[in-house]
**Student:** 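The structure's right below; bear with me while I get my questions together.
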Amino acid sequence: MNNQLTSKRNIILTGLLLVFAVGLFGTFGVLSIFKVLDDLDSGKPLTKTMFIVPIIFLPFAIYSIYYVLSRFPQMTIDKTGITLTTIFKTKSYQWNEVKDIEITGKQFHKFLFVSMPIEATTIHLNDNSDIYLWVDYYRNKSELRVILDRANSILQANRQFSSLDFNIDRPDFSKQLSTDNDGKEFNGNHFLTFNGLIFYGWIVFFTYLILTSNKIQLNNIAALIAMPLVLLSIPALLSYQMHYFIVGQKYLTIKNTIWFWKKDIYLLNDIKEVVIETPHRLSTSLRIITTDYRDKLYPAGSLSNTTWKEIMEQIRNDKIKVRNEAIF
């Protein structure tokens, strides 16, 4: 029987954050140093302004590394409490130090001069300080939240943590088949949206270039690798934001206008909460949070505010909690 649960870092997400930040600041910093050395070799006099860019950007690159290594600690939950571990320090909290745990919700996540709300589990301590678990940066975020939810129930009932159960029985949503044939569809005209116009305009533009080109160079390996990425990445990002929804008596079905073969089905009884949000400047999206705290985001840029309000009303009628963070 398991008596503890340890977090697993989302290597892809944290890796992308690290590569982007260090790559951006480090590249400017290193190139500026080369520029200073080149100027010195060419006989230019040494000035204070020559070192402004390296002084600004290189510390940012170093801070980015420190930020990733310290901001997303490994969390271990057991029957005595919670332990947070980074390469810099380890801090343990006993359960009697915890006041309550807010399993879902947004908290402002800060990086340098940027602050944005993202999904977090917030652990409120008795000394009025908080611990934030930035859930998207952990691969086993649903398991962590399930156990923390059980721990919160024990806290609120003033029971002993010897009863904390670490076994998790997860339903398999992938095998779910909808039996609803009369669900209400919530969709919009994607042709007239920003995503739709850019999507089809991009395809038409590059199709025109290919058809009117007299000669296509095939001897540049870098171009052969980069061209498909350029051609496909923008349409993929735009089409990802073209979901629509069908709400039936028992099921919520999510489809995509462009990815017509893709379909996700949720039993309404398996949905704990839905969130209407605009994450990271994407289109207004629907986040599904299931009863076992798995969550998935579905951007739907073709839906109007009126349609979003109708969706929220329909879902509330099905006794599901709706957190509206985007439509006012």
Side-chain angles (χ1 to χ4, degrees), residues 10 13 99-110 114-124 130-138 140-153 155-156 170-171 173 183-188 240-248 250-256 264-328:
N10 186 333
L13 192 56
K99 180 165 48 179
D100 61 73
I101 304 173
E102 187 179 348
I103 305 299
T104 63
K106 291 286 194 305
Q107 296 291 346
F108 277 93
H109 186 266
K110 298 179 181 179
V114 179
S115 179
M116 66 178 66
I118 67 172
E119 283 293 311
T121 290
T122 306
I123 301 172
H124 302 287
D130 297 320
I131 300 171
Y132 299 121
L133 179 68
W134 308 104
V135 293
D136 285 339
Y137 290 88
Y138 297 91
N140 59 339
K141 60 182 178 179
S142 62
E143 289 93 338
L144 292 169
R145 292 195 286 186
V146 166
I147 302 304
L148 288 172
D149 189 25
R150 292 175 184 172
N152 189 52
S153 298
L155 278 171
Q156 304 313 309
R170 297 161 58 98
F173 296 137
K184 183 175 180 180
E185 181 177 303
F186 297 92
N187 201 354
Y240 168 64
Q241 303 181 67
M242 295 184 189
H243 290 94
Y244 65 96
F245 313 99
I246 302 172
V247 182
K250 294 183 178 180
Y251 295 91
L252 169 61
T253 303
I254 297 98
K255 296 184 177 181
N256 187 291
D264 288 348
I265 301 171
Y266 296 89
L267 188 66
L268 292 175
N269 289 337
D270 289 334
I271 300 176
K272 185 178 185 67
E273 182 179 1
V274 300
V275 188
I276 314 297
E277 58 182 285
T278 51
H280 312 303
R281 300 186 182 276
L282 291 176
S283 301
T284 304
S285 308
L286 182 74
R287 182 185 298 272
I288 305 292
I289 302 177
T290 63
T291 52
D292 64 344
Y293 293 105
R294 278 179 279 182
D295 71 283
K296 193 170 182 179
L297 192 70
Y298 299 95
S302 63
L303 274 62
S304 65
N305 284 0
T306 300
T307 303
W308 279 114
K309 291 177 181 178
E310 291 175 357
I311 292 176
M312 288 188 283
E313 182 180 0
Q314 177 71 46
I315 293 176
R316 287 192 179 106
N317 289 339
D318 291 315
K319 311 301 181 184
I320 296 172
K321 179 182 176 181
V322 176
R323 189 168 9 123
N324 177 21
E325 301 173 349
I327 306 299
F328 302 101

**Student:** Show your working on side chain to side chain contact (heavy atoms under 4.5 Å, CB included) between K296 and I254 and close with a plain yes or no.
**Tutor:** CA-CA 11 Å; K296 193 170 182 179; I254 297 98; over 6 Å; no

**Student:** Quick check: do E102 and D130 have side-chain heavy atoms less than 4.5 Å from each other?
**Tutor:**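 The answer is no; the side chains never approach within 4.5 Å.
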
**Student:** Could you tell me whether the side chains of E313 and N317 share a donor-acceptor contact shorter than 3.5 Å?
**Tutor:**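 Side-chain D/A pair, E313 to N317: absent.
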
**Student:** Under the side chain to side chain contact (heavy atoms under 4.5 Å, CB included) rule, what do I289 and V275 come out as? Steps first, then yes or no, please.
**Tutor:** CA-CA 8 Å; I289 302 177; V275 188; 4.1 Å; yes

**Student:** Is the backbone N or O of A151 less than 3.5 Å from a side-chain atom of D149, with the two atoms forming a donor-acceptor pair by type?
**Tutor:**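 A pair under 3.5 Å: no.
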
**Student:** When you measure from the side chain of Q107 to the backbone of A120, do you find a donor-acceptor pair of N or O atoms at a distance under 3.5 Å?
**Tutor:**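 Flag not set: sc Q107 to bb A120 has no pair under 3.5 Å.
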
**Student:** To the closest 0.5 Å, what do you measure between CG (L286) and CD (E277)?
**Tutor:**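 It comes to 9.0 Å.
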
**Student:** Classify the ring geometry of W134 against Y132: parallel below 30°, tilted from 30° to 60°, perpendicular beyond 60°.
**Tutor:**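 Ring orientation of W134 relative to Y132: tilted.
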
**Student:** Is it true that E119 and R323 have a side-chain N and a carboxylate O under 4.0 angstrom from each other?
**Tutor:**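 Yes, E119 and R323 are salt-bridged.
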
**Student:** Tell me the closest heavy-atom pair linking W308 and F245, and the distance in Å.
**Tutor:**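 Looks like CH2-CE1, 3.8 Å.
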
**Student:** Can you say whether the rings of Y137 and H109 are parallel (under 30°), tilted (30 to 60°) or perpendicular (over 60°)?
**Tutor:**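 Geometry flag for H109 against Y137: parallel rings.
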
**Student:** Mark yes when over 12 heavy atoms from residues, nucleotides or ligands other than K110 sit less than 6.0 Å from its NZ; otherwise mark no.
**Tutor:**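 No, NZ of K110 has 12 or fewer neighbouring heavy atoms, counting only those of other groups under 6.0 Å.
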
**Student:** Check V146, L148, N152 against R150 for a side chain to side chain contact (heavy atoms under 4.5 Å, CB included) and give me the one that passes.
**Tutor:**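 Of V146, L148, N152, side chain to side chain contact (heavy atoms under 4.5 Å, CB included) with R150 is met by V146 alone.
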
**Student:** Drop me the distance from I276's CD1 to I327's CD1, to the nearest 0.5 angstrom.
**Tutor:**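 Rounded to the nearest 0.5 Å, the CD1-CD1 separation comes to 7.5 Å.
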
**Student:** Quick one: are I123 and L133 in side-chain contact, heavy atoms under 4.5 Å?
**Tutor:**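 SC-SC contact between I123 and L133 ruled out.
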
**Student:** Nearest 0.5 angstrom please: T121 OG1 to Y293 OH, how far?
**Tutor:**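 These two atoms lie 8.5 Å from each other.
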
**Student:** Any sub-3.5 Å donor-acceptor pair from N187's side-chain atoms to Y244's backbone N or O?
**Tutor:**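 Judged by distance alone, no pair lies under 3.5 Å.
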
**Student:** Output the distance between atom CZ (R294) and atom OH (Y266), rounded to the nearest 0.5 Å.
**Tutor:**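 The distance works out to 8.5 Å.
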
**Student:** First locate atom CD1 of I315, then atom CD1 of I311, and finally report the distance between them rounded to the nearest 0.5 Å.
**Tutor:**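 Rounded to the nearest 0.5 Å, the CD1-CD1 separation comes to 6.5 Å.
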
**Student:** Could you tell me whether the side chain of S285 and the main chain of S283 form a donor-acceptor pair under 3.5 Å?
**Tutor:**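 At least one qualifying donor-acceptor pair exists.
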
**Student:** Quick check: closest heavy atoms across T278 and A326, and the distance to 0.1 Å?
**Tutor:**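 That would be CG2-CB, 3.9 Å.
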
**Student:** Considering all heavy atoms of both residues, which atom of K99 and which atom of L155 are nearest to each other, and what is their separation?
**Tutor:**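 Closest heavy-atom pair between K99 and L155: O-CD1, 4.4 Å.
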
**Student:** Using every non-hydrogen atom in the two residues, find where R145 and D295 come nearest and quote the distance to one decimal.
**Tutor:**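 Nearest heavy atoms, R145 then D295: NH2-OD1, 2.9 Å.
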
**Student:** If you look at every heavy atom in Y240 and L297, which pair is closest and at what distance?
**Tutor:**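 Scanning both residues completely, I find the closest heavy atoms to be OH-O, 3.6 Å.
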
**Student:** Just verifying a value: how many Å separate N269 CG and I320 CD1, rounded to the nearest 0.5 Å?
**Tutor:**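 Rounded to the nearest 0.5 Å, the CG-CD1 separation comes out at 8.0 Å.
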
